[in-house]
> 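My structure is below; once you've seen it, I'll send some questions.
Only heavy atoms go into these numbers, but all of them, side chains included; no hydrogens, no water, no symmetry mates.
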Amino acid sequence: MIKRKFFGNFLSLGIMQGLNYLLPILMIPFLVSKIGLSNVGVIATISAVFAYVQLVIDYGFSLTATRNICHNGYEHNDASKITSSVLIIKLLFSLLFSLPILIIYYFNDYVQNNSLIILFTFLIIISQSLFPSWHFQAAEKMHFITLSNAFPKLLAFTLIFLIVKSPEDTWKVQALAFVGTFLSLCISMFFLITKFNFKFKISLPNIKRELKDGFEIFCARLASGLYKNFNVIILGVFTTTVYVGAYSIAERIVRSVQTIQNVAGDVLYPIFSKRKHTSTDFFKYNFYKYLPAIVISYSLGASAIFFMSPSISKLMAKESWEIVNECLRIMSLVFLFGGLNYIIAILGLASSGYSKDFAKCVVMTGVINVFIATLMSIWLGFIGASASLVLSELILLILVSSRAKKTGVL
């Protein structure tokens, strides 16, 4: 029964993550040919900036709210209180960001020139943040995530292919993507109310608790943006949008390959969170038991990305494939180091209650990357930005491994 539930959830999230990453990958050659690599770079730069906004709105609830809901077993009333608190906080954060964006609009020419792209990117991240994936994950019913996402994403994907025809249509890419994310949100809320007996409950003590519980993960996620999103922004400052576009394509390819890991992690996280209360060495035992298989799997994945890079780059970027190829070959190591980071940090430290330790490691890595990425981008351009991403993942791996050993998680 447990195995059936695991593989069912794995399959559901696998389909959802496949749509999240595979559809944008399939869209890249089309966008490069229709709006140009430079405009792909514009979308990537704006998306990277708003990724920080999403990190704030998401706070740390994707992990802490999941953990709190499934802490003593899923129960509708408690789950409704937690999810209501999370939604209230996210809505307030979204409103708080609206004012500075409006102020910047009146004083910044770049924002005015790309106002529609910025507007719809902001609406996309709000819709994504409000999507109650933590609730479905805690209930271990991930198929509702897939059911909520599948049709809207396919619809948006199809509309982009039908409507986007030239560089002047760049803003329509984000507008149509917003249509998909908003429809997904509406469907998810329908399932939440009809299938999970969700009742909206306002509770100040619950809101305070969720803010407090999510703070360490929030710090870690925010700091992680200093090496996951900062490189795109700093590359845009010191190079052109063409190089930003090439870098973002390469990074998206690597992240899409990491989908399998993310799916498995999302399914396993509630299990590890519950089992830590009955077996303190549960993670340590399983980590060392499967470590050889884990390292071999990630190494093979990184090697596959490296050797298949020229073919993938030619398919994705057409005439600019050589730039993407150089970025992608360097970033192939991100798959190895990043995968090990995820297992030790999220399934290990975070699920065992050491979110604060994890946050400290990420903050240190993020600060270091700001300096590394800036210097290497100035010195080596897109190659330096790609190398700094790999170095940051390696530094984080060393830090989280050391912290896991000190806390007894490893």
> Would you say Asn108's side chain and Ile104's backbone share a donor-acceptor pair under 3.5 angstrom?
no

> If you count heavy atoms of other groups shown closer than 6.0 angstrom to NZ of Lys201, is the number above 12?
yes

> Determine, step by step, whether Phe50 and Ile101 satisfy the side chain to side chain contact (heavy atoms under 4.5 Å, CB included) criterion, reporting the C-alpha distance in whole Å, the side-chain angles of both residues, the deciding distance to 0.1 Å, and the verdict.
CA-CA 11 Å; Phe50 274 95; Ile101 290 171; 3.7 Å; yes

> Could I get the full list of ring-ring contact (aromatic ring centres under 6.0 Å, His included) partners for Phe131, not counting sequence neighbours?
none

> Within a reach of under 6.0 Å around CZ of Phe178, are more than 12 heavy atoms found that belong to other residues, nucleotides or ligands?
yes

> Do Tyr110 and Ile46 come within less than 4.5 Å of each other through their side chains, counting heavy atoms only?
yes

> With no hydrogens and no angle check, just 3.5 Å: does a side-chain donor-acceptor pair link Asn369 and Ser392?
yes

> Which is it for Leu96 and Phe93 under the side chain to side chain contact (heavy atoms under 4.5 Å, CB included) test, yes or no, and what are the steps along the way?
CA-CA 5 Å; Leu96 285 173; Phe93 282 164; 4.2 Å; yes

> For Phe215, I'd like to know if atom CZ has over 12 heavy atoms of other residues, nucleotides or ligands within 6.0 Å.
no

> Backbone N or O of Ser94 within a donor-acceptor pair of the Ser98 side chain at under 3.5 Å?
yes

> Looking only at heavy atoms, which two atoms of Phe230 and Tyr52 are closest? And how far apart?
N-OH, 3.2 Å

> Between Thr83 and Ser80 (side chain of the first, backbone of the second, donor and acceptor by atom type, cut-off under 3.5 Å), is there such a pair?
no

> If I compare all heavy atoms of Asn341 with all of Leu396, which pair ends up nearest, and what's the gap?
OD1-C, 3.4 Å

> Check Ala250 against Cys327 and note the closest heavy-atom contact, atom names and distance.
CB-CB, 3.6 Å

> Can you measure from CD1 (Ile103) to CZ (Phe107) and round to the nearest 0.5 angstrom?
8.0 Å

> Asp169 side chain to Lys172 main-chain N or O, any donor-acceptor pair under 3.5 Å?
no

> Using a distance-only test with no angle check, is there a side-chain donor-acceptor pair under 3.5 angstrom linking Glu210 and Ser85?
no

> What is the minimum heavy-atom distance between Leu176 and Ala156, and which atoms define it?
O-CB, 3.3 Å

> Is a side-chain donor or acceptor of Thr374 paired with a backbone partner of Phe371 at a separation under 3.5 angstrom?
no

> Quick one: salt bridge (charged side-chain N to carboxylate O under 4.0 Å, His left out) pairs with a partner in residues 80-92, sequence neighbours left out?
Asp58-Lys90

> Step through the shown structure and confirm whether more than 12 heavy atoms of other residues, nucleotides or ligands are within 6.0 Å of CD1 on Ile202.
no

> Whether the side chain of Ser129 engages the backbone of Ile57 through a donor-acceptor N/O pair (distance < 3.5 Å, no angle test) should be reported.
no

> Can you tell me if Ser309 uses its side chain to pair, donor with acceptor, with the backbone of Phe306 under 3.5 Å?
no

> Hey, would you say the Phe136 and Phe191 ring centroids sit under 6.0 Å apart?
no

> Quiz question: by atom type and distance under 3.5 Å, do the side chains of Asp357 and Thr407 form a donor-acceptor pair?
no

> Is a side-chain N or O of Ser401 found less than 3.5 angstrom from the main chain of Ile398, in a donor-acceptor match?
no

> Taking CZ in Phe200 as the centre, count heavy atoms belonging to other residues, nucleotides or ligands within less than 6.0 Å. Is the count above 12?
yes

> Does the ring of Phe196 carry Lys141 above it, NZ/CZ under 6.0 angstrom from centre and within 45° of its axis?
yes

> Is the distance between the ring centroids of Tyr59 and Phe61 less than 6.0 Å?
yes

> Can you sort out the partners of Thr241 under side-chain hydrogen bond (donor to acceptor under 3.5 Å, both in side chains), two or more places apart, ordered by chain and number?
Ser38

> Which atoms form the tightest heavy-atom contact between Leu410 and Lys284, and what is the distance?
C-CE, 3.3 Å

> State the CD1-CD1 distance between Ile253 and Ile28, to the nearest 0.5 angstrom.
6.0 Å

> Should we count CZ of Phe161 as having more than 12 external heavy atoms under 6.0 Å?
yes

> List the atom of Ile372, the atom of Leu391, and the distance in Å for their closest heavy-atom pair.
CG2-CD1, 4.3 Å

> Should Thr64 and Trp134 count as side-chain neighbours, where that means a heavy-atom distance under 4.5 Å?
no

> Tell me if a side-chain donor or acceptor on Ser402 pairs with a main-chain N or O of Leu399 at a distance below 3.5 Å.
no

> Working note: Met189 + Phe198, criterion side chain to side chain contact (heavy atoms under 4.5 Å, CB included); need CA distance, chi angles, decisive distance, verdict.
CA-CA 9 Å; Met189 289 300 173; Phe198 174 74; 5.6 Å; no

> Counting N and O atoms only, with roles assigned by atom type, does the side chain of Ser127 sit under 3.5 Å from a partner on the main chain of Leu123, one being a donor and the other an acceptor?
yes

